[in-house]
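Working notes, structure below.
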Number of protein chains: 2
Amino acid sequence: MASTTPTPRTTANRPDPLTLEVVELIGEVVARFHQDYEEAAAEHALTGAQARLLSLLCLEPLPMRRLAQRLKCEPSNVTGIVDRLEARGLVERRPDPTDRRVKVAAATADGRRMARSLRESLRFAREPLAGLSEGERVALRDALRGMLAG
Amino acid sequence: MASTTPTPRTTANRPDPLTLEVVELIGEVVARFHQDYEEAAAEHALTGAQARLLSLLCLEPLPMRRLAQRLKCEPSNVTGIVDRLEARGLVERRPDPTDRRVKVAAATADGRRMARSLRESLRFAREPLAGLSEGERVALRDALRGMLAG
DNA sequence: TATTGTTATACTCTATAACTATA
DNA sequence: TATAGTTATAGAGTATAACAATA
């Protein structure tokens, strides 16, 4: 089926109706996912950035510099976000034994509890697949893999 | 297949591996989509909020109040965003003949050009389906419809 | 000299509350 | 009285530039 061009197109070089609909659906899913995440964060008196940083630190402690890379922002911003989380006892700074310039941020026990509660309060992001059969989930998985690969 | 519970689960009430993988894939797509959008906006010296507002106004002029509802923020914020876009000649405020309290925001010709350029510079958001066959796109469409419905 | 984290600065987004002009 | 838009204010995220401590 016309596989020389990346995406099927009609005459005027516009995506075909099927592709257009899928793009729109993805946009809706993205919006729902994000809204869900922000609301869950707000319910815990966290901003989106704070929730993302805390979730990252629950996987593993990270130096400030690495945090900035993961969050795709400048290192100077991470200082403030960690400051606010540290003031609430959710995160702490630890020295790095091998390099005294480095400060490693880590989630505290309270921080991990908060992150777990946050994760559990994500409705759409956690249960987006409630309406799908196993076959549909397999198809969705394969399509998403294809998107991220392509 | 096991359709009494919303989502298949293993013993400890945790989602099964397939569901977990799909959730993770959706998260990655959401992240890519958003990053793509923000970068495209930045390339045009727009913030994300400005780009979203401008894109909305390219579909139809809207009263300030309605804009706030669409952007899911307070009306007072819209004032500033429209101010900055208006200062750059991308948006204008028009009076509403039927209600003198209302100001209708509308994209200018320059604003529409900017929005079109913005739309065209979205790589992943515009061409997320490059790697998928028609059959995969149909499967993806159906799965996404099911997600948003369920 | 280069790197890590921080500070200082400026801008934008955000919500809240008070204000104005209409209705 | 109620509504549309604005202003004032304060907190948070963001990028840039300059800085101290360390490598």
Side-chain angles (χ1 to χ4, degrees), chain A residues 31 34-35 37-57 61-88 90-106, chain B residues 31 34-35 37-57 61-88 90-106 114 118:
Chain A
H34 245 265
Q35 184 185 338
Y37 194 87
E38 295 291 321
E39 283 175 5
E43 283 170 17
H44 291 74
L46 294 172
T47 66
Q50 289 167 3
R52 279 187 289 277
L53 192 152
L54 182 59
S55 298
L56 273 180
L57 290 189
L62 287 170
M64 305 295 281
R65 206 94 191 167
R66 300 282 301 279
L67 266 174
Q69 292 166 346
R70 295 289 188 86
L71 295 172
K72 297 183 195 307
C73 70
E74 294 300 313
S76 57
N77 303 326
V78 177
T79 298
I81 302 175
V82 168
D83 279 350
R84 288 179 272 277
L85 289 173
E86 195 170 33
R88 289 172 61 180
L90 303 172
V91 156
E92 62 183 10
R93 286 170 165 94
R94 300 174 184 163
D96 181 333
T98 72
D99 187 337
R100 288 196 298 168
R101 293 174 303 180
V102 174
K103 289 177 190 168
V104 179
Chain B
H34 245 267
Q35 185 185 340
Y37 195 88
E38 295 292 320
E39 282 175 6
E43 283 171 16
H44 291 74
L46 293 173
T47 65
Q50 289 167 1
R52 278 187 290 278
L53 192 152
L54 183 58
S55 298
L56 273 180
L57 290 188
L62 287 170
M64 305 294 281
R65 207 92 190 170
R66 299 284 301 277
L67 266 175
Q69 293 167 346
R70 295 289 188 86
L71 295 172
K72 297 184 195 305
C73 70
E74 295 301 312
S76 57
N77 302 326
V78 178
T79 298
I81 303 174
V82 168
D83 280 350
R84 289 179 272 276
L85 289 172
E86 193 168 33
R88 289 171 62 181
L90 303 172
V91 156
E92 62 183 9
R93 285 171 165 96
R94 300 174 184 161
D96 181 334
T98 72
D99 186 338
R100 288 196 297 170
R101 294 173 303 180
V102 173
K103 290 177 188 168
V104 179
M114 172 77 85
L118 182 71

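Just so we're on the same page: letters track the sequence lines, and every chain starts at 1.
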With a 4.5 Å cut-off on side-chain heavy atoms, are [Y] and [X] touching?
{"X": "A:Ile81", "Y": "A:Leu67", "result": "no"}
{"X": "A:Arg84", "Y": "A:Arg88", "result": "no"}
{"X": "B:Arg65", "Y": "B:Pro75", "result": "yes"}
{"X": "B:Lys103", "Y": "B:Val82", "result": "no"}
{"X": "B:Leu118", "Y": "B:Ser55", "result": "yes"}

From [atom1] of [X] over to [atom2] of [N], roughly how many Å is that when rounded to an integer?
{"X": "B:Glu38", "N": "C:dC13", "atom1": "CD", "atom2": "C1'", "result": "11 Å"}
{"X": "B:Glu86", "N": "D:dG5", "atom1": "CD", "atom2": "C1'", "result": "13 Å"}
{"X": "B:Ile81", "N": "C:dC13", "atom1": "CD1", "atom2": "P", "result": "5 Å"}
{"X": "B:Leu53", "N": "C:dT14", "atom1": "CG", "atom2": "C1'", "result": "15 Å"}
{"X": "B:Leu67", "N": "C:dC13", "atom1": "CG", "atom2": "C1'", "result": "15 Å"}
{"X": "B:Asp83", "N": "C:dC11", "atom1": "CG", "atom2": "P", "result": "15 Å"}
{"X": "A:Arg84", "N": "D:dA12", "atom1": "CZ", "atom2": "P", "result": "6 Å"}

### Message
Just to be sure I understand the geometry, which residues of residues 68-76 of chain B put a non-hydrogen atom under 4.0 Å away from DNA chain D?
### Response
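When residues 68-76 of chain B is checked for heavy atoms under 4.0 Å from DNA chain D, the hits, listed by number, are B:Pro75, B:Ser76.
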Looking at the side chain of [X], which of [options] is the nearest nucleotide?
{"X": "B:Arg65", "options": "C:dG5, D:dG5, C:dT14", "result": "D:dG5"}
{"X": "B:Gln50", "options": "D:dT7, C:dT4, C:dT12", "result": "C:dT12"}
{"X": "A:Val102", "options": "C:dT12, C:dG5, D:dG13", "result": "C:dG5"}
{"X": "B:Asn77", "options": "C:dT14, D:dG13, C:dC13", "result": "C:dT14"}
{"X": "B:Thr47", "options": "C:dG5, D:dT7, C:dT12", "result": "C:dT12"}
{"X": "A:Met64", "options": "D:dG5, C:dT12, C:dG5", "result": "C:dG5"}

Produce the list of close N/O pairs, under 3.5 Å, pairing protein atoms with atoms of nucleotides 18-23 of chain C; give distances to one decimal.
| unit_1 | atom_1 | unit_2 | atom_2 | d |
| --- | --- | --- | --- | --- |
| C:dA23 | OP1 | B:Arg100 | N | 3.0 |

Minimum heavy-atom separation for [X] and [Y], please, with both atom names.
{"X": "B:Met114", "Y": "B:Leu46", "value": "CG-CD1, 4.0 Å"}
{"X": "A:Pro61", "Y": "A:Arg94", "value": "CG-NH1, 4.1 Å"}
{"X": "A:Val78", "Y": "A:Cys73", "value": "CG2-SG, 4.0 Å"}

### Sugar-phosphate, base or nothing in reach of A:Arg52, heavy atoms under 4.0 Å
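Nothing: the residue A:Arg52, judged by heavy atoms under 4.0 Å, touches no strand.
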### Query
For B:Arg66, which contact category applies under a 4.0 Å heavy-atom criterion: base, sugar-phosphate, or nothing?
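Nothing, no heavy atom under 4.0 Å.
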### Query
How long is the span from the CG atom in B:Leu56 to the CZ atom in B:Arg70, to the nearest 0.5 Å?
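Here the rounded value is 6.0 Å.
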#### Entry: Whether B:Glu86 side chain and B:Arg93 backbone form a donor-acceptor pair below 3.5 Å
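Checking the backbone N and O of B:Arg93 against the side chain of B:Glu86, a donor-acceptor pair under 3.5 Å is found.
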### Query
Any side-chain N or O of B:Arg93 under 4.0 Å from OP1/OP2 of D:dA4?
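It does not, given that no N or O in the side chain of B:Arg93 lies less than 4.0 Å from OP1 or OP2 of D:dA4.
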